[in-house]
Every structure is written in structure tokens, then in C-alpha cells.
Amino acid sequence: MLRDASRDLFTGALTGGCLLMVLTWPAQVVAAQSFSSEPIEEVLVVGARLPRPAQDVVGKFDVITHETLLNEMAGSLSDVTRYTPGISVATADTRFGETEFTIRGLSGNRVASLIDGVPVPDQFDIGSFANAGQDFLVVDAVSRIEILRGPASTLFGNDALGGVVAIVTRDPEEYLTHSRHHIGGSATYSGRDDATGLNGSFALGNRIGEGELAGVVHVSGKEGHESDRSALSDSDLEPDAQDRQQQSLFSKLAYTLPSGNRLRLDLSWFDESVDTDVVSVLGYGRQFRSTTSIVGDDSRRRYAATAGYEFETDYTWLDQGQLNVYWQDVAVEQRTIEQRLNLSPPVQNEREFRYDTTTWGLSSDLESSFSSVLFSTSVEHRIGWGMNLQRSDITEQRDGRIVNLQTGTFSNNLLGEVMPVRDFPNSSVNELALYVHDEIAIGNVTVIPGLRYQTYDLDADADAVYRADNPNTGVIDASDDSLSPKLGLLWHIRSDTRAYLQYAHGFRAPPFEDVNIGFDIPLFNYRALPNPDLKSETSDGFEIGLTLDRDSYRVNLALFGVDYDDLIETRVNLGRDPDTGALLFQSRNIDSARVYGAEVNFNATLERWVTGLTVDLAASWTRGDNRTTDEPLNTVDPLEVIAALTWQPVERWRLSLITTAVAAQDRVDASQVDLYTTDGFTIVDLTGSFRFSETIRIDAGLFNAFDETYWRWSSVRNRSSDDPMIDYLSAPGRYASVSLRVDL
């Protein structure tokens with residue numbers, strides 16, 4: 001039902017978007033006039049929430065542009081980050097796929113993920129049949145992806161303890177660089193999962209009164225199958241067969257007033273359905289010992305809307321700002337049919353998981369500037385200040401029944417759980433934040449103090465469904481507040497050389513599911529306990545960096561170290577309850593943890609030897625330790641080095657050779673279980689593009705050219721050495737991709 005309704009909405013939204021474009025096209029068509037196509041200085045929003053020149057941003061960041069995504073033939077979250085060492089994407093399994101970002105060894109909903117400024121809901125999983133991830137990426141619609149590494153709570157709040165990933169979709173003006181109308185489309189194919197995609201965009205712009213009205217509708221459809229797994233090609237194992245369908249729509253409408261101020265409306269819709277025949281775990285362990293088949297039918301849907309106003313003023317106390325109101329609804333439905341035909345009588349277990357998050361938000365980001373004098377020296381102040389108010393309502397439910405396949409009778413008592421059940425009570429999270437930061441420029445030195453005050457209130461509502469499953473479990477309402485200070489120092493040593501030093505304090509309140517989790521499987525004697533005594537996570541991080549931006553080369557070096565207090569481990573295995581014998585799980589605080597490391601980027605042009613030849617190098621080395629147990633943190637990725645050689649003698653065509661080298665993962669905490677560890681590997685990718693004209697472009701790529709069998713640590717971390725999923729989670733073998741794009 002959800003899928004049918006989503007498809008109807010998709011058709012209706014597309015029709016409505018096209019009708020909107022037609023209605024906004026004036027009856028008297030004026031002569032075509034191009035929007036400005038002059039080059040624009042690279043700016044970022046993750047540095048100060050309002051646009052900032054990249055050279056004025058303190059901290060290590062990455063900007064992945066639309067052009068880069070096309071060149072690298074990215075089609076998924078892991079594709080987006082595969083050439084950015086120090087950043088990876090965690091993987092659940094073959095059924096649920098990619099789930100969330102990891103930055104500098106920190107994940108678990110500690111990286112703020114935003115799409116056009118709207119925060120993506122937290123990842124959540126429970127048991128083997130339920131997992132709600134954060135992958136709502138539609139690459140073709142993306143303008144750029146900005147990644148800020150390290151604690152960013154001062155600007156982005158509770159979820160940014162480990163960093164920020166801000167996905168920005170394409171504005172109408174990006175399509176209308178040469179005329180007042182645009183029609184474009186693309187067709188893509190990836191051999192990794194036999195995925196074919198079709199994308200279409202339609203943009204218009206024209207004068208309405210004294211202002212400029214511009215709009216774009218971008219639609220996308222994609223179909224694919226299970227990913228190719230390098231370890232399976234040399235074995236007799238059958239893959240987990242999968243069929244995946246994805247549809248999306250992004251629509252933007254912007255009106256630029258005569259004053260230059262801008263009104264905008266953003267609407268987006270995403271729908272994905274995945275059917276999986278899971279064979280990888282059949283017969284494994286206590287849970288699947290008698291299981292003969294598992295079929296999953298999963299769907300994810302995201303709606304989002306934002307209304308915004310961007311403005312400049314002549315007031316002495318306010319230069320510019322933006323106001324945004326946003327709404328988002330994310331729904332996950334996962335159905336599982338599990339058959340156990342070898343039992344007497346044979347049975348069928350039917351499960352359903354629902355996870356819904358609705359978010360409302362209001363934000364304001366303002367900027368003021370003024371000058372002062374300090375000891376006869378001119379001092380320039382650029383003050384950013386604002387607020388964010390947000391409410392999220394989260395509900396979750398598992399339902400199911402066991403069917404006797406001989407008699408057709410059924411029961412809602414599944415593995416000792418009387419369905420339906422909730423694993424945490426219906427929860428509402430209210431957050432209020434006020435922030436201010438001042439960029440104080442004194443000559444070629446800028447001092448940037450910042451402070452954020454944040455409140456966090458969790459309101460848990462234990463309804464009849466929750467209480468029926470957890471009659472003896474208390475429900476906790478939690479609240480906390482914090483001050484998150486930050487201090488940066490930026491020194492423009494020369495016009496092409498700058499250095500920075502930064503201290504940042506991070507804060508993250510205990511998540512709702514850790515505070516009030518209630519999970520009990522009587523048949524297996526497993527039980528997860530809530531922990532009302534969880535403390536908020538905090539961090540204190542330092543980073544020092546140096547950038548050399550010369551005519552023929554660029555070097556960026558960053559050294560960092562972050563101390564974490566009360567880091568939360570989700571559902572820690574506490575062992576057996578001596579009274580009941582139940583295996584207990586509970587989220588606990590790690591008193592102290594530390595992550596430190598180094599990152600380097602080097603880019604150079606080799607024009608003096610070969611026309612159009614450039615080289616890019618990037619490396620990341622990170623270490624993480626639980627300072628309470630003196631054991632490593634298992635979320636930290638091993639050393640990674642990327643080397644790319646690109647030849648583009650003319651603008652029409654380009655060839656790139658990219659080598660990725662990753663060290664073995666030899667630092668793990670195996671104190672509780674014998675963990676699988678990954679070997680080092682080196683792979684080579686080849687990509688190229690050719691422009692037949694300004695409007696037609698073809699891209700092609702050959703990935704893992706030498707068909708290496710290897711594993712990414714982020715795909716298998718925390719899995720035991722005898723886990724049957726290991727081979728199924730190996731990286732893809734050799735595959736090719738191709739795409740054709742037309743822009744008129």
C-alpha cells in the first residue's frame with residue numbers, strides 16, 4: 001500500500017511540477033537571456049552555516065562537486081567517499097546495505113547528515129530483521145557534498161559530535177547557465193549490481209514583474225540487483241539475490257526580488273523498494289539452524305519540504321541572513337517471510353517492522369559585521385548568530401505471527417514474543433539551540449571564538465502496545481543542556497600559505513533508543529535493558545593544519561586529536577543474568593576514549609612535462625582507543641592512501657587512473673569475541689569521459705581492474721571470524737560502468 005501510494009504521489013508531483021513550470025512561463029515570451037555564467041569563488045556552508053570562502057574555513061573539510069561525482073561515476077554513498085580517506089560508509093549486511101557515515105573512526109549517529117539543510121533521521125536497528133539506514137542519496141540531483149571532519153557541535157548541534165555531511169541538491173540557476181530553459185537527461189549502467197538508471201531534469205527561468213523566477217524539476221528512476229561480491233566468484237556460494245527499485249523527485253522554485261533577496265521552496269520525494277532472497281545465514285547458529293528460506297520485502301520513503309528566505313539588509317546591525325522552515329517524514333517498512341520446512345509441523349514466521357520519523361524545524365542564520373580599533377590597529381568583526389528549533393516524533397513497531405503450514409492456523413506468539421511489540425516507547429525529541437561565533441580579523445590573523453547553547457528534551461509515551469511487552473520496565477523522560485565552545489585561529493602567512501589551530505567541544509545527549517530500549521526474546525533468553533542513567537557524550541578536540549596553495553601544486557596537512565568522555569556503546573553484551581540465565585544487553589558509557597591521527601592531500605599539475613597531466617594524493621592515518629579498557633575502538637578504519645593520475649589535454653576528454661591502497665586492520669578489540677580482521681589490499685580504477693559537444697557527454701569506468709578479492713573494514717567490523725556473512729560482504733570484483741548525458 002505504501003509503495004502504491006508513493007508511486008501515485010510521484011506521478012502527481014511530476015505532473016504538478018511541470019504544470020507549475022508552464023504556469024510561471026509568461027504568455028508573452030521575451031527574448032532568451034542567460035543567467036550569469038561567470039566563475040564563482042568556491043564557498044562552503046559547513047564552515048559557518050552561511051556561505052564562506054573555502055580559504056576562510058578553519059578545520060579539515062572536503063568538497064565533492066557535481067562534476068567530481070560524474071567523473072568518478074558515483075552511484076551510492078560508498079562511491080561518494082571511496083576516494084576520501086578517513087571517511088567511510090558502514091554496511092549492515094546484504095539485505096539492508098549501506099547505513100551511515102563514519103568520520104575519523106566515529107559513527108553510530110554521531111555524524112550529522114543533512115539534505116538541503118534538513119537533518120536525516122538516525123539510523124536504528126534491532127535484531128536480524130530490522131534496520132533503518134540513512135541512505136537517501138540521488139547522485140544525479142546533487143550539486144555538491146560538503147564534509148566537515150571532527151566535532152562540529154558548536155554550529156550543527158547534537159548529532160555532529162564526529163562531523164557533518166551536508167548534501168546540497170542542484171538549484172535552478174545551475175541548469176540555466178546559458179539560457180532561460182533547460183531540458184536534460186541521462187542514462188546510467190553499473191556492472192557492480194547490474195543497475196540501470198534514468199534521470200530527467202526540466203528547468204525554466206524568466207522575469208516576473210521586477211524579479212527573476214526560476215524553477216527545476218528533477219526526476220530519477222533506478223533498478224538494480226544484488227552487488228557483485230569478489231569472494232563469491234571463486235566459491236560455490238549462492239549470492240543473496242536482490243531486486244531493487246528506486247524513484248525520486250526533487251523540485252525547487254526560487255524567486256529573486258529586485259533587491260536581490262531570494263524566496264525559495266524545495267520539495268523532495270524518495271521511494272525505494274528492495275526484495276531479497278537471503279541464503280547467506282540459512283542453517284547458521286541457534287537462530288537460523290532450522291530455517292530453510294528467508295525472503296525480505298523492504299521499502300523506504302522520504303518526503304521533505306523547505307521554505308526559505310535569503311536576504312541582505314542595509315541595517316547597521318544586520319548584513320545578511322537566511323530563515324528556513326522545514327518538514328520531513330521518513331517511513332521504513334520491512335517485511336520478512338521465514339520458512340522452517342524441516343520442522344514437524346513445518347511453520348512460516350511472518351514479521352513486519354515499521355519505523356517512522358516526522359520532523360519539524362525552524363532555523364535562522366544571521367550575520368553582522370563592524371569595525372573597531374585595538375591599540376591603533378583596525379579590527380574587523382564578522383559575527384554569525386542564530387537559532388534552531390526542532391521537534392522529532394519517532395515511532396517503531398514490530399508485528400508478526402507464526403503459521404502452521406499443515407493446518408493453516410496461526411499464532412501471534414513468535415519466539416516467545418506476543419506481537420505486536422515496541423522496542424522503545426513512542427518518543428518525541430525537542431531541541432532548541434542558540435549559537436554565536438565571531439570572526440575577528442586583525443591584519444592577516446583571524447581569531448574565531450564560538451559558543452552554542454543547546455537544550456535536549458526526550459518525552460517518552462508508553463502506550464498499551466509498549467506496556468504489554470514491557471510491563472515491569474519504567475519509562476524515562478530525559479533532558480539535558482550544554483554549552484559547546486569553540487576557538488579557532490587562522491593565520492594567512494602569505495597569499496598562498498595559511499595555517500590554522502582549532503579547539504572544539506562536542507556534545508551529544510543519550511539517544512532515545514538507548515535510554516528506553518525494551519527488547520526481550522524469551523525463546524532464546526535474550527533481553528536488552530534500558531539505561532536511564534546514561535550520561536551525555538562530550539568531547540574536546542584539537543586540530544592543527546597547514547595549506548600551501550602555489551601555482552603548480554597544493555598541499556593540505558591536518559593533525560588532530562579528540563578526547564571523548566562517556567562515549568555510549570549501544571547494547572553491550574553484559575553476559576548472563578545469574579538469577580534468570582538470560583543473556584543481557586545494555587547501552588553503557590565508556591568513561592574515556594581517544595581518537596587521533598593525520599590527514600594529507602597533495603595536488604599538482606605536471607603541465608611543464610605533459611600537457612593536461614595532474615596528480616592527486618590523499619592519505620589518512622587514524623588511531624582510536626578505549627582508555628578505560630586499553631583496547632582499540634573497532635570503528636576506526638586502517639591507514640588508506642589514494643593516488644590519482646589524470647590526463648586532460650583538451651576540455652573534451654579526460655582519462656584518470658586511481659590507485660587505492662589500504663593497510664591490514666590489525667588493531668581490534670577482540671576481548672569479547674574473536675573478530676574477523678581484514679587484510680591489506682591495493683586496487684586500481686580507470687575512468688574517462690568524452691564530450692561530443694557542449695550538450696552531450698559520455699563517461700565510462702573500469703573498477704577493480706585486476707579483480708582483487710578484498711574487504712572494506714567498514715563492511716565487516718564487529719563480525720566474528722566464523723560469521724557466514726563474511727564472504728557475502730566482500731567488496732565488488734572487476735566491473736564496468738557507463739553513462740550518457742544530454743543537456744539542451
Side-chain angles (χ1 to χ4, degrees), residues 40-54 57 59-90 98-104 106-107 110-121 123 133-150 152 155-156 159-160 162-171 173-175 186 188 197 199 201 216 218 220 222 246 248 250 252 266 268 270 302 304 306 556 599 601 603 616 618 620 640 642 644 658 687 699 714 739:
I40 300 174
E41 180 182 19
E42 183 181 49
V43 295
L44 288 83
V45 297
V46 293
R49 293 190 65 92
L50 285 172
R52 283 289 185 279
V57 174
K60 183 71 167 63
F61 61 85
D62 303 88
V63 180
I64 304 171
T65 65
H66 180 72
E67 181 71 14
T68 300
L69 293 172
L70 298 187
N71 289 343
E72 296 176 355
M73 308 208 68
S76 64
L77 287 182
S78 58
D79 287 349
V80 167
T81 61
R82 63 183 163 196
Y83 301 134
T84 54
I87 303 172
S88 61
V89 176
E98 299 171 351
T99 56
E100 60 178 342
F101 289 98
T102 300
I103 296 181
R104 290 177 174 174
L106 214 62
S107 60
R110 297 180 180 91
V111 174
S113 182
L114 313 170
I115 299 177
D116 288 330
V118 180
V120 177
Q123 183 271 344
Q134 295 183 307
D135 181 8
F136 297 99
L137 181 70
V138 179
V139 171
D140 206 70
V142 172
S143 171
R144 67 187 186 278
I145 300 175
E146 300 179 9
I147 302 175
L148 188 63
R149 306 183 185 216
L155 290 175
F156 290 92
D159 294 329
V164 180
V165 177
I167 299 172
V168 182
T169 59
R170 302 180 73 189
D171 286 331
E173 292 82 358
E174 294 185 53
Y175 296 89
S186 67
T188 64
N199 301 276
S201 55
V216 62
H218 184 284
S220 179
K222 184 178 180 181
Q246 185 184 104
S248 67
F250 290 86
K252 290 190 173 186
D266 301 346
S268 63
F270 175 99
R302 176 182 182 266
T306 301
N556 182 281
E599 297 160 339
N601 294 81
N603 320 93
D616 297 273
S620 173
E640 183 173 7
I642 308 288
I658 308 105
T687 65
D699 292 85
S714 57
S739 67

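Note that the structure is predicted; figures quoted are calculated from it, not measured.
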Student: Using the rule given for salt bridge (Lys or Arg N to Asp or Glu O under 4.0 Å), can you reason through Glu599 versus Arg149, listing the C-alpha separation, both sets of side-chain angles and the distance that settles it, and then say yes or no?
Tutor: CA-CA 11 Å; Glu599 297 160 339; Arg149 306 183 185 216; 2.8 Å; yes

Student: Identify, with sequence neighbours excluded, every residue that meets side-chain hydrogen bond (donor to acceptor under 3.5 Å, both in side chains) alongside Arg144.
Tutor: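 Testing Arg144 for side-chain hydrogen bond (donor to acceptor under 3.5 Å, both in side chains), a comparison that skips the adjacent residues, returns Glu146.
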
Student: Tell me the closest heavy-atom pair linking Gln123 and Thr99, and the distance in Å.
Tutor: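 It is CG-CB, 4.0 Å.
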
Student: Please name all residues satisfying ring pair (Phe, Tyr, Trp, His ring centres under 6.0 Å) with Tyr83, sequence neighbours left out, ordered by chain then number.
Tutor: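 With sequence neighbours excluded, Tyr83 shows a ring pair (Phe, Tyr, Trp, His ring centres under 6.0 Å) to no residue whatsoever.
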
Student: Rounded to the nearest 0.5 Å, what separates atom CD1 in Ile658 from atom CD1 in Ile642?
Tutor: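 One gets 9.0 Å once the value is rounded to the nearest 0.5 Å.
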
Student: Where do Ser107 and Phe101 come nearest, in terms of heavy atoms and distance?
Tutor: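 Scanning both residues, the minimum pair turns out to be CB-O, 3.6 Å.
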
Student: How would you list, by chain and number, every residue that makes a salt bridge (Lys or Arg N to Asp or Glu O under 4.0 Å) with Asp159, sequence neighbours excluded?
Tutor: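 With sequence neighbours excluded, Asp159 shows a salt bridge (Lys or Arg N to Asp or Glu O under 4.0 Å) to no residue whatsoever.
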
Student: Check whether any side-chain N or O of Arg49 sits under 3.5 Å from a backbone N or O of Leu155 as a donor-acceptor pair, and report yes or no.
Tutor: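 Side chain of Arg49 to backbone of Leu155: a pair is present.
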
Student: Can you name the closest pair of heavy atoms from Val139 and Ser76 and give their distance?
Tutor: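 Residues Val139 and Ser76, closest heavy atoms: CG2-N, 4.3 Å.
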
Student: Nearest 0.5 angstrom please: Arg302 CZ to Ser248 OG, how far?
Tutor: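 The OG atom of Ser248 is 11.0 Å from CZ of Arg302, to the nearest 0.5 Å.
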
Student: Where do Asn601 and Lys60 come nearest, in terms of heavy atoms and distance?
Tutor: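 Heavy atoms only, the tightest pair is OD1-NZ, 3.1 Å.
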
Student: Go through the steps for Gln246 and Val138 under the test side chain to side chain contact (heavy atoms under 4.5 Å, CB included), then give the verdict.
Tutor: CA-CA 9 Å; Gln246 185 184 104; Val138 179; 4.2 Å; yes

Student: Under the rule for side-chain hydrogen bond (donor to acceptor under 3.5 Å, both in side chains), what residues qualify as partners of Ser714, not counting sequence neighbours?
Tutor: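 So Ser714 forms no side-chain hydrogen bond (donor to acceptor under 3.5 Å, both in side chains) with any residue.
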
Student: How many angstroms lie between atom CZ of Phe136 and atom CD of Gln134, to the nearest 0.5 angstrom?
Tutor: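 Spacing of CZ (Phe136) from CD (Gln134) equals 8.5 Å.
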
Student: Take the angle between the ring planes of His218 and Phe250 and call it parallel below 30°, perpendicular above 60°, tilted in between.
Tutor: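 Perpendicular: the ring planes of His218 and Phe250 meet at over 60°.
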
Student: Write down the atom of Ile147, the atom of Ile103, and the distance for their closest heavy-atom approach.
Tutor: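 Ile147 and Ile103 have their closest heavy atoms at CG2-CD1, 3.8 Å.
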
Student: Any sub-3.5 Å donor-acceptor pair from Asp116's side-chain atoms to Thr169's backbone N or O?
Tutor: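 Checking the backbone N and O of Thr169 against the side chain of Asp116, a donor-acceptor pair under 3.5 Å is found.
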
Student: Could you give the distance from CG (Asp79) to CG (Leu137), rounded to the nearest 0.5 Å?
Tutor: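 The CG atom of Leu137 is 9.0 Å from CG of Asp79, to the nearest 0.5 Å.
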
Student: Determine whether Leu114 and Pro119 make a side-chain contact, defined as any pair of heavy atoms from C-beta on separated by less than 4.5 Å.
Tutor: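 Sidechains of Pro119 and Leu114: in contact.
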
Student: With sequence neighbours excluded, tell me which residues meet side-chain hydrogen bond (donor to acceptor under 3.5 Å, both in side chains) with Ser113.
Tutor: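 So Ser113 forms no side-chain hydrogen bond (donor to acceptor under 3.5 Å, both in side chains) with any residue.
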
Student: If you take all heavy atoms of Ser88 and Thr81, which pair is closest and at what distance?
Tutor: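 Smallest heavy-atom distance, with atoms named: CA-OG1, 4.2 Å.
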
Student: Can you tell me how far the CZ atom of Arg82 sits from the CD1 atom of Ile87, to the nearest 0.5 Å?
Tutor: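 Rounded to the nearest 0.5 Å, the CZ-CD1 separation comes to 14.5 Å.
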
Student: For Thr84, enumerate each residue passing the side-chain hydrogen bond (donor to acceptor under 3.5 Å, both in side chains) test, keeping only those at least two apart in sequence or located in another chain.
Tutor: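 Partners of Thr84 under the side-chain hydrogen bond (donor to acceptor under 3.5 Å, both in side chains) test: none.
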
Student: Could you give the distance from CG (Leu69) to CG (Asp699), rounded to the nearest 0.5 Å?
Tutor: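 Here the interatomic distance stands at 11.5 Å.
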
Student: Side chain of Glu98, backbone of Ala90: donor and acceptor closer than 3.5 Å?
Tutor: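 Not confirmed, Glu98 side chain does not pair with Ala90 backbone.
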
